[in-house]
Amino acid sequence: MSAIRTKLHHQLQTVTARIPVLNSTAATRGGVQPWNSRLRELANKSLFSEALSVYLQMLRSGASPNAFTFPFALKSSAVLSLPITGEQLHCQAIRTGCLLEPFVQTSLISMYCKCNFVDVARQVFDENPLSRKLTVCYNALIAGYALNLRTKDTVSLFCEMREFGVEINGVTLLGLVPVCGVAGNFGLGMCVHGCCLKFGLNLDFSVGNSLLSMYLRCGEIKTARKLFDELPGKGLITWNAMINGHAQNGLANDVLELYREMEASGIQPDPVTLVGVLSSCANLGAQEVGKEVERRIHACGFLANPFLNNALINMYSRCGNLVKSRQIFDRMPVKTVVSWTAIIGGYGMHGQGEVAVDLFDDMIRAGTIPDRAAFVSVLSACSHAGLTDKGLHYLDTMEQKFHLSPGAEHYSCVVDLLGRAGRLDEAHGLIRTMKAKPDGAVWGALLGACKIHRNVELAELAFERVVELEPTNIGYYVLLSNIYTDAGDSEGILRIRVMMRERKLKKDPGCSYVEFKGRVHLFVSGDRSHPQSKQIYEFLDELECKLKELDQNGMGVHSEKLAVAFGLLNTKEGAEIVVMKNLRICGDCHLFMKLVSKILPRREFIVRDPTRFHHFRNGVCSCKDYW
DNA sequence: ATAGGGTTAG
């Protein structure tokens, strides 16, 4: 921090030399008032860079800034995160004798906080005794500490405020919220909620919104819902907090429902709303809802919003519509690393690893610096497409060229990569020497590779580790059990079964989702609650009969494939995507789809299993390595 | 006339 301070100080001195010395004649010549109203106008319209250039024009014209000028200019440099400009303003406030004005003081503190110079803000706060009498100054600094997640400083300042008897208002409590949303600080959040009740601020519109997002960030969905229902006025931000909070907790179906509720309540969504909805569509494979959102984006004129475009690319990629996602990507005038990552991930998921890898190289040529997430997408593309050496090369590049230290999420891709290629010892060696702590996914990837290459000994070792890390993940028990099955080791199978019983682990019932006409239908194995389940089962029986004729091995049809039947039943009417979640990727599932496509050769449908999409057209699947 | 807070993508 002191190094940054020194650097800033140096810059401050150089710019101070360039600042024109203001004198009274200059000030009277121009008159500051018209400049101030122009500044206010621009700042109110959020045109902050324009506001700053107006400020510069004002200086050039010879007018002297006064106490009404600085808050606007400081807010502009805060929003644009321009600490150097902010320091210049600080310096000019000193020269013009405006520094001790409460409004200027508060704006300054806030500006330094927003530019991540909280300690400089603290200095400004400490240097002026007036600060300790003003709620607004405390509020600005508390919010600054909280945003930088400095829990201790945030809380001690809040306590000091109470000790000195400075008035606490809604904004004070709002400022505290960011540190409450961090895992482990939930207790603090409860205290803040308690304070809100104590000060009678809990029904304040903004405080309510803030508490809501705090609970959602902590994963306290039920508490959030209760608060939401109690809030007297629900505005755009209330709905946004709710929708995005649910989206981040992976509750995609609830998001779609909330979105409908929001529309019904007559509140128009903004880009922030739609980003959350699109991310849920991506997770559910709900392309129809996604398309509806896209139409809305066009209608509302949000087309230029980069957040929305990235969310659209992600949604179409994950829903298997690579043509659409590529179109949007190509049309984006400014592509960020997030845009590239979304499109690379899309191609990677579909087994088009070569395209993904080429795009990654294009990105680097275009001068975009990849971050850790971008490397995850390219490494996983390599592992899906079997581009072993390419993947190893990227892992190397990541460290050597971009100075990013790979995390467990990167190593799990590379272990998968080596494992699939049969280089099990190298994969094991990598785990032993990797710098990050191996997590369940890393050992799980090795276990999966042992299944492919039938290595029981290494599988047992990997299983031991993975079960230490994720003792309740049933998938790994099933995987080892299948390895024993392949090896004909009936004792092994029994051991796993006993272990699962001792740990009270039960296999979750298989379930699938189907999107149909903007609704996502959930099917659980053995469940007959769907209103159309009678027709679905009849259709399933019909399918099964035909399948038996074709299938000599007698694979049978499980009820967890209900969703597939439902999707096929409605294909004529537009069910586009059949999402098969939690469905084991085993031979019979693939065979099932193959047979279904023979029975229904003219239907076109897409099946998504947990790792990729399979597009069936005229009885043929587009995925090369599918059969 | 001027200050402090809450919701966004991979």
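Below, chains carry the letters A, B, ... as their sequence lines are ordered, and counting in each starts from 1.
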Applying side-chain contact (heavy atoms from CB on, under 4.5 Å), run through A/H410 and A/M398 and close with a yes or a no. CA-CA 10 Å; A/H410 300 98; A/M398 182 176 174; 3.4 Å; yes
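- Between A/E257 and A/R260 there is no salt bridge, since no side-chain N of the basic residue sits under 4.0 Å from a carboxylate O of the acidic one.
- Atom-to-atom, CD of A/E101 to C1' of B/dA1 comes out at 13 Å; the value is rounded to the nearest Å.
- Comparing B/dT8, B/dG4, B/dA3 by their closest approach to the side chain of A/V272 singles out B/dT8.
- Across the protein-nucleic acid pair, A/I328 atom CD1 and B/dA9 atom C1' stand 13 Å apart, rounded to whole Å.
- Once the 5.5 Å centre distance and the 30° plane angle are applied, the aromatic ring of A/F68 is found stacked with the base of B/dA1.
- One finds a side-chain N or O of A/R217 lying less than 4.0 angstrom from the OP1 or OP2 phosphate oxygen of B/dT7.
- A/K226 is linked by a salt bridge (Lys or Arg N to Asp or Glu O under 4.0 Å) to A/E230, counting only residues two or more places apart in sequence or in another chain.
- For the contact set between residues 69-76 of chain A and DNA chain B, defined by any heavy atom under 4.0 Å, the members are A/P71, A/F72.
- Using a 4.0 Å heavy-atom criterion, one finds that A/K114 contacts the sugar-phosphate atoms exclusively.
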Checking ring pair (Phe, Tyr, Trp, His ring centres under 6.0 Å) for the pair A/F360/A/Y394: CA distance, chi angles, key distance, verdict? CA-CA 10 Å; A/F360 189 84; A/Y394 285 128; 5.0 Å; yes
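- Nucleic acid contact class of A/A143 (heavy atoms, under 4.0 Å, all strands): sugar-phosphate only.
- B/dT2 has A/F103 stacked on its base ring, the centres lying under 5.5 angstrom apart and the planes within 30 degrees of parallel.
- What separates CG of A/L134 from C1' of B/dT2 is a distance of 14 Å, to the nearest Å.
- Contacts of A/S107 with the nucleic acid, taken as non-hydrogen atoms under 4.0 Å apart, involve only primed sugar atoms and P, OP1 or OP2.
- For the pair A/M315 CE and B/dT8 P, the computed distance is 20 Å after rounding to whole Å.
- Phosphate proximity of B/dT8 to A/Q248: present, with a side-chain N or O under 4.0 Å from OP1 or OP2.
- For the pair A/V32 and A/P65, the tightest heavy-atom approach, listed with the atom from each and the gap, is CG2-CA, 4.2 Å.
- At a threshold of 4.0 angstrom between heavy atoms, the contacts of A/V376 with the nucleic acid are absent.
- In this model, the phosphate group of B/dA9 is not approached by any side-chain N or O of A/N314 to a distance below 4.0 Å at OP1 or OP2.
- In this structure, A/S210 reaches the sugar-phosphate backbone alone: every heavy-atom distance under 4.0 Å involves primed, P, OP1 or OP2 atoms, never a base.
- Within 4.0 Å (heavy atoms only), A/D371 reaches at least one base atom of the nucleic acid.
- Between A/Y112 and A/H90, the two ring planes are perpendicular [angle over 60°; tilted spans 30° to 60°].
- A straight line from CZ of A/F125 to C1' of B/dG4 spans 12 Å, rounded to a whole angstrom.
- At whole-Å resolution of the value, CE in A/M214 and C1' in B/dT7 are 15 Å apart.
- The residue A/N169 sits close to a base: some heavy atom pair falls under 4.0 Å.
- As judged by a 4.0 angstrom heavy-atom cut-off over every strand, A/Q105 is placed among residues making no nucleic acid contact.
- Within 6.0 Å of CD in A/E160 there are more than 12 heavy atoms belonging to other residues, nucleotides or ligands.
- Not less than 6.0 angstrom separates the ring centroid of A/F68 from the ring centroid of A/W35.
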